[in-house]
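These values consider heavy atoms only, across backbone and side chains, with no hydrogens, waters or symmetry-generated copies. Residue numbers begin at 1 in each chain, while the letters A, B, ... track the order of the sequences.
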Amino acid sequence: MNVRGQKTKSTTYKTIYKIVMQIPRGSVATYGQVAKLAGISGQARQVGYALNAITDNHIPWHRVINAKGEISPRSDSAFARLQRELLEHEGIKFSSQGKISLQLYGWKPATLLNK
DNA sequence: GGTCTGACTAGGT
DNA sequence: AACCTAGCCAGAC
């Protein structure tokens with residue numbers, strides 16, 4: 001935040017973006033996981049909103065999925081298709097039910113420790 | 001400035 | 001396994 005209400009698009013969002021950008025190619029993280037890493041444990045929803053507000057193409061928003069290992073459905077199904085496409089492009093495989101194995105592709109934040 | 005909304009989640013039916 | 005509910009809380013109106 002800031003004293004003068006400058007651009008503060010909410011430091012929360014910025015932190016979320018920072019975390020999301022840490023997710024390595026070929027891995028996925030859940031909203032809850034990102035929330036926790038961003039220091040806002042329990043506010044998985046905010047993560048979703050933050051991603052929704054993304055305009056920056058450099059943020060791998062598609063690597064964030066819900067706790068069920070599926071792509072969260074949203075108002076426009078076109079995004080879900082795109083997201084799946086992007087993930088498959090990174091080598092991530094979907095089950096017959098359209099789910100991703102978190103056990104297999106779930107991001108293990110050891111990457112963060114690398115600084 | 002009070003309400004409504006939602007890219008979530010965990011827990012209960 | 002599908003569906004419902006209650007917490008959550010920053011934006012949009």
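- Among C:dC9, B:dT9, B:dA7, the nucleotide with an atom closest to any side-chain atom of A:A67 is B:dT9.
- Interatomic distance, A:I59 CD1 to A:I16 CD1, rounded to the nearest 0.5 Å: 10.5 Å.
- At whole-Å resolution of the value, CG in A:L37 and C1' in B:dC8 are 15 Å apart.
- Atom pair A:Q43:CD and B:dT9:P shows a separation of 13 Å (rounding to whole Å applied).
- Counting distance only, with no hydrogens placed and no angle test, the side-chain atoms of A:Q46 and the base atoms of C:dC9 include a donor-acceptor pair under 3.5 Å.
- Checking side-chain atoms of A:T15 against main-chain N and O of A:T11 turns up a donor-acceptor pair under 3.5 Å.
- One atom, CD1 of A:I40, and another, P of C:dC9, lie 10 Å apart when rounded to the nearest Å.
- Rounded to an integer number of Å, the gap from NZ of A:K36 to C1' of B:dT9 is 14 Å.
- In this structure, A:N52 reaches the bases: a heavy-atom distance under 4.0 Å links it to at least one base atom across the strands shown.
- When the side-chain hydrogen bond (donor to acceptor under 3.5 Å, both in side chains) test is applied to A:E90, the partners found at least two apart in sequence or on another chain are A:H62, A:R63.
- Not counting sequence neighbours, the partners of A:R84 by the salt bridge (charged side-chain N to carboxylate O under 4.0 Å, His left out) test are A:E88.
- Taking 4.0 angstrom as the limit, A:T12 places none of its side-chain polar atoms (N or O) nearer than this to OP1 or OP2 of C:dA10.
- For the pair A:R81 CZ and B:dA7 C1', the interatomic distance rounds to 16 Å; values are reported in whole Å.
- You'll find the side chain of A:I65 stays beyond 4.5 Å of the side chain of A:S72, heavy atoms only.
- When the P atom of C:dA10 is taken as reference, atom CG of A:L51 falls 16 Å away, rounded to whole Å.
- Comparing B:dA7, C:dG11, B:dA10 by their nearest atom to the side chain of A:Y13 picks out C:dG11.
- A side-chain donor-acceptor contact under 3.5 Å links A:Q33 to the backbone of A:W107.
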Identify the pairs formed between an N or O of the protein and an N or O of nucleotides 1-7 of chain C at a distance under 3.5 Å, and give each distance.
residue : atom : partner : partner atom : Å
C:dG7   : O6   : A:R45   : NH1          : 3.0

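- One interatomic measurement links the two molecules: OH of A:Y31 to C1' of C:dC8, which rounds to 16 Å at whole-angstrom precision.
- Remark: A:F94 CZ is packed, more than 12 non-hydrogen atoms of other residues, nucleotides or ligands lying under 6.0 Å away.
- Distances from the side chain of A:A44 to the nucleotides B:dT9, C:dC9, B:dA7 place B:dT9 closest.
- Atom CD1 of A:I16 and atom P of B:dA7 are 15 Å apart (whole Å).
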